[in-house]
Amino acid sequence: MSSTAEKTMKTDSMFINLGPQHPSTHGVLRVGLTIEGELITKAVPDIGYLHRGTSKLAEVRGYHHCVVLTDRWDYVAAMPNNLVFCLAAEKLMEVQAPPRAEALRVLMCELNRVASHLLFFGTYGIDIGAFTPFLYAFREREMILDLFEMACGARLTYNYIRLGGVMADVPPEWLAKCREFVDYFKPRIDEYDTLLTYNPIFMARTKEVGLIPAADAVSWSLSGANLRGSGVCYDVRKSDPYCGYERYSFDVPLGQTGSCWDRYFCRVQEMRQSIRIIEQVLGGLPEGPTMAAGVAKIPKPKPGEAYAHVEGARGDLGIFLVSDGQASPYRMHVRAPSFLNLAILQELLVGNKVSDVIAILGSIDIVLGEVDR
Amino acid sequence: MADIEELASRIAEKLPELSRHPNPVKGYLTLKLEDAAKLPQAAAALKALGFDYLEMISATDWLGAVKPEGYIRNPNPIVFLPEGATPQSVPSATPGFPYRPSFELLWAFADLAAKAWVFLKCEVSREAASVPSLSGLYKGADWQERELFDLMGIRFEGHPNLAKILTPDFLVGHPLRKDYVHVKDRFDE
């Protein structure tokens, strides 16, 4: 269309609801879109459909009980949720997890990151119109969930990482199964690249779409692959290491332009790095106990405030915990990466075409359980 | 992570009015802002120092132990508990703890390149819970301030769209306030 035609053609603006029940919103999210023709002029994300008030619930529960609540935020990658609460509570309680527990925590979190990115890889393909990658991604994801089931009995809400360590050591045959998975999975990532990453149609749909400049990404407090896709190097595992991440060697994949494809590509590359970390942990898993000695059944930490953050599958997941000396946290604040990543949508969608909304929304990779908490 | 003392002296050069907080967030540099009205200047100075990433905004209500009326308690959903037992333990106040009718706000700024974090604390009274908004300086403040407004009832002056974000429209009050009392609605029956 020539520019003069664009100016002379008048279209009425129309309001449409995307969601709350729509397969591409990955949960209950409503986006109120005002469109003029094909162009989006206003986007208002409406959240809160899954708000369960976990911060309020934590104020009447013991510290051990709160770990169960954390599973329900980012239910696609629940291990980092368990971990971040335990790290914050351990800072208050002045407890240090033993080396084997720390290694197992790293192992589980990295496996969970791979599982979460596989879900993103599969569903993002579906969002764009490629169904096949989904089937491959779920085949591999299933194997990780089987490993989790073997270790803690649950496939989604694990409650495996506990205050002072982990629930239990992994069964003797688990490590061999995990190695088997790593050997099986490594060549699969190259397969994904041929399936989706360098697929010309997929690249055409995502490469120039949803550009987030680095300055905007920082200003909107984005984190995870959304921030790194814009070329900003920030990974909590490197910047503020926890659980001995400084001992493992891995790279932080960065994007260039901050497009949907860059964010996608960062996640695929992160799977490779996670596998690198898993191999290192499996190679040097220390022996010893998996639970610190002297963790109270009903912990009553001394009054104080602690902040802990980890690199979850979706970004910088933080917990601010306040104790007044009682058996329950006085205040728990969750810095949820999905919540902050989603906020940019109101600015990012404006000026795009309706058909690109799904591509952009999918590339932000939100989990509504974490957005709403 | 950057060294705390070095960081403190670097910030003290530019922002002498901020003092070290006596009750810091463990392991991080925590500064005290006396007057909430000075927040935009302090934040702008921090941003100029490289702290261009707003990591978190949080607030604590220091009124005292949480009220049990803030929770939906009946019917008792835990079948293993005896009839009439309370499903949750309700915390009591810790003797000697300095509870007070005020909100303590907390901002966490990060300098991603220098791997440094600084926490800023400011206390405001519960009656006139209002602080200037940072949404002009940091776009990430937008939803975080709306969340605190919704759950805590703290007003952020100058916010372009200070509306409820997480709780439903019919919910009365601000649930994370310690004296919040749940008003029964059609979903409780």
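Throughout, a chain's letter reflects where its sequence line sits, starting with A, and its residues are numbered from 1. Predicted, not measured: the structure shown is a model, and the values here were computed from it.
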Student: Does the A:R373 side chain pair with the main chain of A:G53, one donor and one acceptor, at a distance under 3.5 Å?
Tutor: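 No: the side chain of A:R373 does not pair with the backbone of A:G53.
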Student: Over 60° means perpendicular and under 30° means parallel, so tell me whether B:Y28 and A:H309 are parallel, tilted or perpendicular.
Tutor: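 Ring orientation of B:Y28 relative to A:H309: perpendicular.
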Student: Please look at B:R177 and chain A and tell me whether the side chain, the backbone, both or neither of the residue comes under 4.5 angstrom of a heavy atom of that chain.
Tutor: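 B:R177 touches chain A through backbone heavy atoms alone.
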Student: So what's closer than 4.5 Å to chain A heavy atoms on B:V25: side chain, backbone, both or neither?
Tutor: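 When you check distances to chain A, atoms from both the backbone and side chain of B:V25 fall under 4.5 Å.
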Student: Which answer fits A:L227, side chain, backbone, both or neither, if we ask what part of it has an atom under 4.5 Å from a heavy atom of chain B?
Tutor: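 Just its side chain gets close to chain B.
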Student: Salt bridge or not for A:E311 and A:R237, using N-O below 4.0 Å?
Tutor: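 So A:E311 does not pair with A:R237 through a salt bridge.
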Student: So which of A:G48, A:G318, A:S221, A:A215 has the biggest tally of heavy-atom pairs under 4.5 Å with chain B?
Tutor: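 That would be A:S221.
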Student: Let me know if A:D316 has heavy atoms under 4.5 Å from chain B in its side chain, its backbone, both or neither.
Tutor: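 Just its side chain gets close to chain B.
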Student: Taking every non-hydrogen pair under 4.5 Å, which of B:A65, B:G64, B:A110 racks up the most with chain A?
Tutor: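 Result: the option with the highest number of such pairs is B:G64.
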Student: Does any heavy atom of chain A fall under 4.5 Å from the side chain of B:S92, the backbone, both, or neither of them?
Tutor: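 Both parts, backbone and side chain.
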Student: Check the surroundings of atom NE2 in B:H159: do more than 12 heavy atoms from other residues, nucleotides or ligands lie under 6.0 Å from it?
Tutor: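 Enclosed.
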Student: Measure A:Y330 against the heavy atoms of chain B and call it side chain, backbone, both or neither at under 4.5 Å.
Tutor: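 Both the backbone and the side chain of A:Y330 come within 4.5 Å of chain B.
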Student: Which region of B:D61, side chain (C-beta onward) or backbone (N, CA, C, O), has a non-hydrogen atom less than 4.5 Å from a non-hydrogen atom of chain A, or is it both or neither?
Tutor: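 Contact with chain A involves the backbone of B:D61 alone.
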Student: Testing the basics here: between B:L63 and B:Y99, what is the closest heavy-atom pair and its distance to 0.1 Å?
Tutor: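 What the structure gives for the nearest pair is O-CB, 3.8 Å.
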Student: Please verify the inter-ring angle class for B:W117 with A:Y234; under 30° counts as parallel, over 60° as perpendicular, anything in between as tilted.
Tutor: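 Plane angle between 30° and 60°, so tilted.
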Student: Counting only heavy atoms closer than 4.5 Å, note whether B:Y53 contacts chain A via side chain, backbone, both or neither.
Tutor: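 For B:Y53, heavy atoms of backbone and side chain both lie under 4.5 Å from chain A.
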Student: Look up atom CG in A:L342 and atom CG in A:L348, then write down how far apart they are to the nearest 0.5 Å.
Tutor: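 Reported to 0.5 Å precision, the distance equals 11.0 Å.
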Student: Given heavy-atom pairs under 4.5 angstrom as the criterion, report whether the side chain, backbone, both or neither of A:E246 touches chain B.
Tutor: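 Neither part, no heavy atoms under 4.5 Å.
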Student: Below 4.5 Å from any heavy atom of chain A, which atoms of B:A93 appear? Answer side chain, backbone, both or neither.
Tutor: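 When you check distances to chain A, only backbone atoms of B:A93 fall under 4.5 Å.
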Student: Relative to chain A, which segment of B:L171 carries a heavy atom at a distance below 4.5 Å: side chain, backbone, both, or neither?
Tutor: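 Contact with chain A: none, neither part.
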Student: Do A:K42 and A:F15 form a cation-pi contact, if we require the NZ or CZ to be under 6.0 Å from the six-membered ring centre and within 45 degrees of the ring's axis?
Tutor: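 Not satisfied by the 6.0 Å and 45° rule.
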Student: Chain A heavy atoms under 4.5 Å from B:P168: which part of the residue, side chain, backbone, both or neither?
Tutor: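 It is neither, since no heavy atom gets under 4.5 Å.
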Student: Under a 4.5 Å heavy-atom cut-off, does chain A meet the side chain of B:L137, its backbone, both or neither?
Tutor: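 The backbone, not the side chain.
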Student: Just so I understand: if I count every heavy-atom pair under 4.5 Å between each of B:N161, B:D150, B:V66 and chain A, which residue has the most?
Tutor: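 Top count of heavy-atom pairs under 4.5 Å with chain A: B:V66.
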Student: Salt bridge (Lys or Arg N to Asp or Glu O under 4.0 Å) between A:E59 and B:K178: does it pass, once the steps are laid out?
Tutor: CA-CA 9 Å; A:E59 287 174 15; B:K178 292 288 176 182; 3.1 Å; yes
Student: B:K115 vs A:D240, test: salt bridge (Lys or Arg N to Asp or Glu O under 4.0 Å). Steps then yes/no.
Tutor: CA-CA 7 Å; B:K115 300 174 183 178; A:D240 198 0; over 6 Å; no
Student: Does any backbone or side-chain atom of A:I47 lie under 4.5 Å from a heavy atom of chain B? Answer side chain, backbone, both or neither.
Tutor: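 Both the backbone and the side chain of A:I47 come within 4.5 Å of chain B.
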Student: Heavy-atom distance under 4.5 Å to chain A: side chain of B:I57, backbone, both or neither?
Tutor: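 For B:I57, the backbone is the part near chain A, not the side chain.
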Student: Measure distances from A:A327 to the heavy atoms of chain B and classify the residue's part below 4.5 Å as side chain, backbone, both or neither.
Tutor: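 Contact with chain B is absent: no heavy atom of A:A327 under 4.5 Å.
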Student: Please state whether the side chain, the backbone, both or neither of B:D142 comes within less than 4.5 Å of a heavy atom of chain A.
Tutor: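 Just its side chain gets close to chain A.
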Student: Are B:Y138 and B:W107 near enough that their ring centres are under 6.0 Å apart?
Tutor: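 Ring centroids of B:Y138 and B:W107 are no less than 6.0 Å from each other.
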Student: Checking heavy atoms, do the side chain of A:D216, its backbone, both or neither come under 4.5 Å from chain B?
Tutor: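 Looking at A:D216, just its side chain touches chain B.
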Student: For A:F85 and A:C66, which heavy atoms make the closest approach, and how far apart are they?
Tutor: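 Looking at all heavy atoms of both residues, the shortest contact is CZ-CB, 3.3 Å.
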Student: Quick one: what part of A:V218 sits under 4.5 Å from any heavy atom of chain B, side chain, backbone, both or neither?
Tutor: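 Interface part for A:V218: both.
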Student: Given the options A:L340, A:V232, A:V371, A:I344, which has more heavy-atom pairs under 4.5 Å with chain B than any of the others?
Tutor: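 When all of A:L340, A:V232, A:V371, A:I344 are compared, A:L340 has the most.
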Student: Taking the six-membered ring for Trp, are A:Y245 and A:F250 parallel (under 30°), tilted (30 to 60°) or perpendicular (over 60°)?
Tutor: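 Perpendicular, since the angle between the ring planes exceeds 60°.
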Student: Name the one of A:P329, A:S328, A:P301 that satisfies side-chain contact (heavy atoms from CB on, under 4.5 Å) with A:S323?
Tutor: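 Considering A:P329, A:S328, A:P301, a side-chain contact (heavy atoms from CB on, under 4.5 Å) with A:S323 is found only for A:P301.
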Student: Between chain A and each of B:Q144, B:M56, B:E55, count heavy-atom pairs under 4.5 Å; write down the option with the most.
Tutor: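 That would be B:E55.
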